[in-house]
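Working notes for the structure below.
The figures here come from the full heavy-atom set of this structure, side chains too, leaving out hydrogens, waters and symmetry mates. Computed from a predicted structure; not experimentally measured.
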Amino acid sequence: GAIANYGILNVVGSAFTSNSAAAAGGAIYNAGMLDITNSSFYYNVTAADGGAIYNDVTGVATIRNTVIAGNTAGETGAGIDNRGRVLLENSQVDGNRLNSSVGGAGIYNYYGANAVIRNSAIIRNLLIPIRTGIGGAGILNYGNLDVGSSTIAGNYVTVPSEDGLLKGGGINVQAGF
């Protein structure tokens, strides 16, 4: 990826376009404190997790007034893969693509992770499972998810799960509260 952060990183008015990583974080891998404002993430890619942003277990990320669109991942979270704590506010996660048997094309929120989404749009994300998948084209949540005053629309899972259903085009909650 473009940046691996283990300290304190402030990103303001920046564009991350066409970056790649073999593992986590096509544009940014974060294991520290990350603040992103008025920025964009387009066409970043990873073979594994977090096409645009990978927020690790120790990571605390605040993302405001930012567009995360057209990113691709091979396992989880083509837009955002959150394993720590993330606040997404006044932002758009749009048209990200995940080719995986797991899920979370827009946002993947891992076990024990905390995600708060406010005044944001999670739209047009696409999950193309390699085989029958879990679901959650917009959001796949295993942790704690709090969504308010946001739009979740037009997210799509292309292949049914093992029971023959297309699960959680918008949100698929597997655990949490």
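Closest heavy-atom contact between Asn82 and Gly84: OD1-N, 3.2 Å. Closest non-hydrogen pair, Gly50 versus Ala73, comes out as N-CB, 4.4 Å. For Gly112 against Asn144, the heavy-atom pair with the smallest separation is O-ND2, 4.5 Å. Across Gly79 and Ala52, no two heavy atoms sit closer than the pair O-CB, 3.2 Å. Between Ala21 and Gly1, the shortest heavy-atom contact is CB-N, 3.4 Å. Closest approach of Asn109 and Ala113 over heavy atoms only: OD1-CB, 3.4 Å.
No salt bridge links Glu89 with Arg118; every basic N to acidic carboxylate O contact stays at or beyond 4.0 Å.
Taking OG1 of Thr58 as the start and CE of Met33 as the end, the distance is 11.0 Å to the nearest 0.5 Å. Taking OG1 of Thr151 as the start and CD1 of Ile123 as the end, the distance is 8.0 Å to the nearest 0.5 Å. Separating the CD1 atom in Ile117 from the CG atom in Asp146 is a distance of 8.5 Å, to the nearest 0.5 Å. A distance of 5.0 Å separates CD1 in Ile28 from CG in Leu34, rounded to the nearest 0.5 Å. Atom OG of Ser150 and atom CG of Leu88 lie 7.5 Å apart (nearest 0.5 Å). For the atom pair CD1 (Ile68) and CD1 (Ile80), the distance works out to 3.5 Å, reported to the nearest 0.5 Å.
Between Asn90 and Arg64, the closest side-chain pair of non-hydrogen atoms is not below 4.5 Å. Within the 4.5 Å cutoff, side-chain heavy atoms of Phe16 are placed close to those of Ile3. For the pair Leu98/Asn96, no side-chain contact is recorded, criterion being any heavy-atom separation below 4.5 Å from C-beta on. Between Val11 and Thr66 there is no side-chain heavy-atom pair separated by less than 4.5 Å. For the pair Leu140/Leu127, no side-chain contact is recorded, criterion being any heavy-atom separation below 4.5 Å from C-beta on. Contact annotation: the side chain of Arg124 never approaches that of Tyr156 to less than 4.5 Å [non-hydrogen atoms, C-beta and beyond]. Side-chain contact check for Asp94 versus Val67: every heavy-atom pair is 4.5 Å or farther apart.
Ser120 contributes a side-chain N or O that, together with a main-chain N or O of Ser91, makes up a donor-acceptor pair within less than 3.5 Å. With Asn155 contributing its side chain and Ile139 its backbone, the two residues share no donor-acceptor pair below 3.5 Å.
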Worksheet entry | Verdict with supporting geometry, Ile152 and Val147, side chain to side chain contact (heavy atoms under 4.5 Å, CB included) | CA-CA 10 Å; Ile152 299 171; Val147 179; 4.1 Å; yes
Item to complete: Start with the C-alpha gap between Ile128 and Arg97, add the side-chain angles, then the distance that decides, and say whether side chain to side chain contact (heavy atoms under 4.5 Å, CB included) holds.
Response: CA-CA 8 Å; Ile128 304 170; Arg97 179 181 172 137; 3.1 Å; yes
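Relative ring orientation between Tyr29 and Tyr6 is described as tilted, the plane-to-plane angle lying within the 30° to 60° band.
Applying the side-chain hydrogen bond (donor to acceptor under 3.5 Å, both in side chains) rule to pairs touching residues 9-22 yields Asn19-Asn44, sequence neighbours excluded.
With Ile36 as the fixed residue, the side chain to side chain contact (heavy atoms under 4.5 Å, CB included) test singles out one of Val12, Thr62, Asn65, Ile53: Ile53.
Hydrophobic cluster membership is shared by Val86 and Leu145, with clusters built from Ile, Leu, Val, Met, Phe, Trp and Tyr side chains linked at under 4.5 angstrom.
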